[in-house]
Amino acid sequence: MAGWHGIQLDQDPVHVLLERRVPWMVHEDVFSSQSFGIGAWPDQGWKLHISATPVSAVEVLDRALDVLVASGTRFKVVSSRNLLAAMNSGAFGATQIGKFITVYPTDDAEAVRLAVALDRATHGRAGPRVPSDRPLRQGSLVHYRYGSFRLLPESITAEHADGGYDLLDPDGRLMEDVRLTFYRRPPDGIIDPFEAAGVRITPPPRSRLLHDRYLIVDALGQSARGGVFRAVDVGVRPARLCLVKEYWHDVGLDAYGRDARDWAVNEQHILTRLTGDPALPCWFDSFEQDGDSYLVIEYVEGTSLDRVITEHDPIRNRLELSDVIAVGLATADALAHLHENDIIFRDFKPANVVETPEGGYRLIDFGIAYERRRTNSPPLSIGSPPFYPPEQYLMQTPAPTDDVFAWGAVLHYLAAGEVSIESLSAQDDFLEPFRRKPVRELNALLPPAVAEVIDRAVAWAPSERYQSMRAAQAALARAAPQGAPDVTIERSISTAAPQPPPPINSATALALAREVGDALCRNAVEEAGGLCWERRFDRSERTERGPDLYGGAAGVGLFLAELGRATGDERYLSAARGAARWLSGPVWGRGRSQHGFHNGEAGIAYFLLRLADLLEQPGYIDAAIMRLRRLRGATCPTVDLMYGSAGTMLGSLACHAVTGEAEFMRDARTIGDHLLTTALPLDDVNGCYWEVLSAFPGGPVAPYLGLLHGSAGIGLALAQLADRTGDERYLRTTQAVAELLKSQGIPATGRQAVDGVAIAWPVSVGEDRPRMQAQCHGAGGIGQFFLRLDRLVPDPSYQSTAQAAARAVIAQSCADTSSGICHGISGAGHLMLDCYQASGQPQWRKLAYEFAYSLANYRVPDQPGKYFMQDGRTVSPDLMIGYAGVGSFLLRIANPADAPDPILGRLPGAGNAREWGGNESVRENATRASRQAE
């Protein structure tokens, strides 16, 4: 955003024009809005976006106002040039680029009329493409998409911009209004009025080969400036793998008239000036197409450091000390080499560091690199928050100390994790850099000498930092422990010393579970005639009131209902009824159509079915039936338990067990048959797996192995279907999943509390390094899958594999810094109890008690019943990652021989409590009890 800082709003030319022409508009932090108009305000429809650059903004707005004011149309405008510069640079997310003016037409006919008039009025002016929308014609500033007409909050962020469940499909079901970085057609049945009226001009189709020689084989990512693609260059012999970088026109425009295409020119200049330097990628080619620039360079094999961190530990985002030092030394050497060639990198961040297959590290993305002493031009852009120094934010002349600060900021993040950058959430301007706390305040286990190097590197004043990267590199080399074993980098949970907890037994566990129930009752929010809970997120004060088992009212209500049944306390049962009212009330009454068990309608239906059983009130069953029927015909993009069709199948099976209605078994078998046809074989072990699509827009497709997200969970659902139907096809596929999982296990080391081998798992098929071993990914959930399969098809290898998985969870437990079920101590405890119920061996019950005892370290001081999630700050009531999940584990500890997992249920045939799908349905049991009560 070079050159746009510091402009006062009342002096900004966009604001001045609005005040002159539409003085009644409401000016807020990001947008100025004209919220009243001539026609009706529909809930959803075809909205228009008009793009502009900071340079063209005033003229584009002036011309657009001629059309909009005359027609009495509602619209909003980015309220200043510097905010538009930030938006077009991707500061609000790539989906928001170019959205200078947003127009809300009354109906389709007005949308078409306005689009034509606005296109004519703004023709020939400059503006970027809007990634989430469809341009009216090639080169037009007018774009359109179908979406909600709900105005976003003024505290707009990339998360807000991704939308929510605020659209109705043609059948009246709620659907997600997702903004993607490409245009997505609306649901079937919604006609594109611009195509129908013939005003949308389709651009000519592109050749399969970009620039007649580059075959795109993979999209690696997309930033605010353009895309990054892996391609094959067929214009040389032999053909070679390469990287194609796309730079969009009019994106990131600064006060000097430079945009992202100038980054391409700059990167080409840097790479060609140092041709043959092994530290830099090789430049191959450059060209332009449709006004955008393209750079073709060497494809650097490896994984970006931000992905390495996430895959190593996706919850805590940390590395081991030896890895932190290795990254620090290698990247310091690379940066020092650049400085010795008079180049300041200026954009050092985890995404721009690639770990190569050989274990080395290389720098990528030289778009804003600066040639020191060789240019008089001002620097391009300001790099990427939160890693750049204060002088770079102020666009001062680049110096080596800029990269020293960024290098130190990255090491600070690697050593302390997410908490290293928590200050971002408290800043008014999230682009502004901030001072780092001494790193040992966030991670007391970091060696003092290493911490001293990092703290000096991130000193606020450049004069207090190392004056060269060579000096920083030498200091880190001296500070590195010599011959020391790997030390895991982790944060302390709380600065306050926990009070010694009482010994855990059934009575104390139940008392602690009741404390959690009391806290949930106190913190319930009354809304729309029911009860819900504010879910909190790491590193932010942002909250949401969600419906799901994983993190919403269904999960909290499920725990409270189980607690109420166990204790007979009407307060907990009443709160569970309140959750059911909210889930069935006006907030969600239109019916959301999301598949999945942990996050989806099937899980909410499961909660309602359990409520019918626990309260012996059959009316809740009808609400569950309606939830599941809403899913028929709704798109299901993925196949896992969490968000996909396997989760929906579990809900259908539960509903069939309760009601006996054949329609739900038909639904389950339809999904099961689809899963059979989409399974991918791994022939060398007679196994199978599935490619799982991320539930998040633009996320990866990966062959995940775990329970919530991968093949283990799909296998669990198919096992239940096989058990209910007796169909050998489903059972054979489940057993093939078991063979796949056995083949992918890797021996684990660590705390050895139980004799025997320990087996851990990677996140995906074919990976050679185990990551987090939890219920969502890894040994925690995979062990639960094998125990349940063993009860259906007894096989000594299944229970032994499950116990080996439990040992891996124990081995990891000393490094756990989370309290919940999904990836924490409570989930580990549930696996121990499953092992105890399956084997009868008291050692597993003893380990479950040890896990329950260790939860005392997470208790929130002076707030009984509340537990920190993982970072000593965030507290949330969620079932899967919050303190409702802690309560569910404590409640189960109170009855370790019989109590089931809160979501997966009991082991088949375990215990004496009532099971789904017995000779009499739950509806019949509940109806009989209700009549007896009357």
Side-chain angles (χ1 to χ4, degrees), residues 1-7 9 12-15 17-18 25 27-33 47-61 64 75-104 122 125-133 135 141-145 147 151-163 179-183 222-226 247-261 263 380-385 393 424 427-432 697-698:
M1 275 60 71
W4 301 111
H5 297 300
I7 299 176
L9 184 61
D12 185 275
V14 169
H15 181 83
L17 177 62
L18 292 172
M25 289 189 77
H27 305 292
E28 296 183 282
D29 291 343
V30 176
F31 294 106
S32 297
S33 301
K47 64 175 70 173
L48 308 177
H49 289 112
I50 307 166
S51 73
T53 71
V55 174
S56 69
V58 172
E59 186 179 8
V60 168
L61 177 58
F75 63 93
K76 66 181 181 182
V77 183
V78 177
S79 55
S80 68
R81 285 204 306 179
N82 61 331
L83 280 169
L84 179 59
M87 184 171 283
N88 285 357
S89 296
F92 298 110
T95 62
Q96 300 302 298
I97 290 171
K99 295 179 178 178
F100 176 42
I101 305 173
T102 304
V103 182
Y104 301 95
T122 59
R125 275 66 194 173
R129 179 166 62 90
V130 178
S132 64
D133 288 25
L141 300 188
V142 178
H143 302 71
Y144 65 86
R145 66 181 291 271
L151 289 176
L152 292 171
E154 285 307 303
S155 56
I156 182 173
T157 65
E159 289 86 358
H160 287 130
D162 285 338
R179 287 80 163 164
L180 301 172
T181 51
F182 55 87
Y183 177 71
Q222 187 163 305
S223 72
R225 302 185 304 276
Y247 295 86
W248 293 332
H249 66 84
D250 293 325
V251 167
L253 196 75
D254 64 18
Y256 306 99
R258 303 172 302 181
D259 65 8
R261 293 170 296 182
W263 291 34
L380 281 164
S381 189
I382 58 171
S384 304
Y393 174 76
L424 280 175
Q427 292 186 184
D428 293 331
D429 180 0
F430 62 86
L431 297 177
E432 189 173 355

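Side-chain atoms are counted along with the backbone in the values below, which use heavy atoms only and exclude waters and symmetry mates.
In this structure, the side chains of His49 and Val103 stay at 4.5 Å or more apart for every pair of heavy atoms. A heavy-atom distance below 4.5 Å is found between the side chains of Tyr104 and Lys76. When side chains are defined from C-beta on, Phe31 does not count as touching Val77, because their heavy atoms never get closer than 4.5 Å. Looking only at side-chain heavy atoms (C-beta outward), Val78 and Ser80 stay at 4.5 Å or farther from each other. Side-chain contact check for Leu83 versus Phe92: some heavy-atom pair is nearer than 4.5 Å. Contact check for Pro13 versus Arg81: side-chain heavy atoms found under the 4.5 Å cut-off. For the pair Asp12/Asn82, a side-chain contact is recorded, criterion being any heavy-atom separation below 4.5 Å from C-beta on. Contact of the Ile97 side chain with the Met87 side chain is not registered, since no non-hydrogen atoms from C-beta on lie closer than 4.5 Å.
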Original post:
Passes side chain to side chain donor-acceptor pair (under 3.5 Å), Ser32 versus His27? Steps please.
Top reply: CA-CA 4 Å; Ser32 297; His27 305 292; 2.6 Å; yes
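Distance check: Glu28 CD to Ser79 OG gives 9.0 Å after rounding to the nearest 0.5 Å. We find the CZ-NZ distance between Arg145 and Lys47 to be 5.5 Å, quoted to the nearest 0.5 Å. To the nearest 0.5 angstrom, Leu61 atom CG is 5.0 Å from Leu18 atom CG.
Checked against salt bridge (Lys or Arg N to Asp or Glu O under 4.0 Å), Asp133 has no partners two or more places apart in sequence or in another chain. Scanning for ring pair (Phe, Tyr, Trp, His ring centres under 6.0 Å) contacts around Tyr144 gives Trp46, Phe194, with sequence neighbours left out.
Residues Leu84 and Ala57 approach most closely at CD2-CB, 3.7 Å, considering heavy atoms. In terms of heavy-atom proximity, Ala64 sits nearest to Ile50 at CB-CD1, 4.2 Å.
Side chain of His143 to backbone of Leu141: a donor-acceptor contact under 3.5 angstrom is found. Between the side chain of Ser56 and the backbone N or O of Ala52, no donor-acceptor pair lies under 3.5 Å. With hydrogens and angles disregarded, no donor-acceptor distance shorter than 3.5 Å links the side chain of Ser51 to the backbone of Lys99. Listed for the Asn88 side chain is a donor-acceptor partner under 3.5 Å among the backbone atoms of Gly98.
Cation-pi contact between Arg225 and Trp248: absent, since separation from the ring centre below 6.0 Å together with deviation from the ring axis within 45° is not met.
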